[in-house]
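Below you'll find the structure, written out as structure tokens, and then a few comments.
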Amino acid sequence: QVQPVESGGGVVQAGGSLRLSCTASGRSFIYSRVGWSRQAPGKEREFVGTISQTGANTYYTETMRGRFTISKDNAKNVVYLQMSNPKPEDTAVYFCSTAAPLRPGVTLKDYDNWGRGTQVTVSS
């Protein structure tokens with residue numbers, strides 16, 4: 001089974017940019033749809049978006065669309081989450097996961113393999 005590991009978090013100024021990475025141990029990501037989620041302090045986890053096995057298709061929730069970009073490099077076995085123009089309310093722990101088999105992969109419940117997360121803090 002793929003075990004995702006998130007990295008790249010840190011402190012970023014509002015309006016800047018930050019790229020998170022999701023790497024995998026075990027089986028390659030090439031066989032997996034990969035999703036991102038986040039959880040802010042005191043709030044429920046929310047789904048950010050997903051990318052297909054080949055990387056040709058992406059989906060984002062409406063609040064994330066336009067500022068977050070998910071990409072995939074199957075040769076390097078890594079999935080990226082590019083944050084553009086982040087805002088203080090984007091401060092959260094960000095997680096990645098592979099989608100459960102046969103699940104469409106567009107909601108949190110389609111994922112069952114979340115990593116430990118990486119903290120992102122957006123300063124104003």
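Keep in mind it's a predicted model, so treat the numbers as computed, not measured.
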If we ignore hydrogens and angles and just use 3.5 Å, is the side chain of [X] paired with the main-chain N or O of [Y] as donor and acceptor?
X	Y	value
Lys72	Phe29	yes
Asn74	Gln53	yes
Gln39	Ala92	no
Ser21	Gly8	no
Asn113	Ser97	no
Glu6	Leu20	no
Tyr59	Gly105	no
Thr58	Thr50	no

I want to check something: taking the side chain as every heavy atom from C-beta on, are [X] and [Y] in contact at a cut-off of under 4.5 Å?
X	Y	answer
Tyr111	Ser37	no
Ile70	Tyr60	yes
Val2	Tyr31	no
Glu46	Leu108	no
Phe47	Met64	no

Answer yes or no: does atom CD of Gln13 have more than 12 heavy-atom neighbours from other residues, nucleotides or ligands under 6.0 Å? no
Out of curiosity, [X] [atom1] to [Y] [atom2], how far, rounded to the nearest 0.5 Å?
X	Y	atom1	atom2	answer
Thr91	Arg38	OG1	CZ	9.0 Å
Phe95	Arg45	CZ	CZ	4.0 Å
Phe68	Thr63	CZ	OG1	8.0 Å
Ile30	Asp73	CD1	CG	10.5 Å

With the threshold set at 4.0 Å, does a side-chain nitrogen-carboxylate oxygen contact exist between Asp90 and Arg67? yes
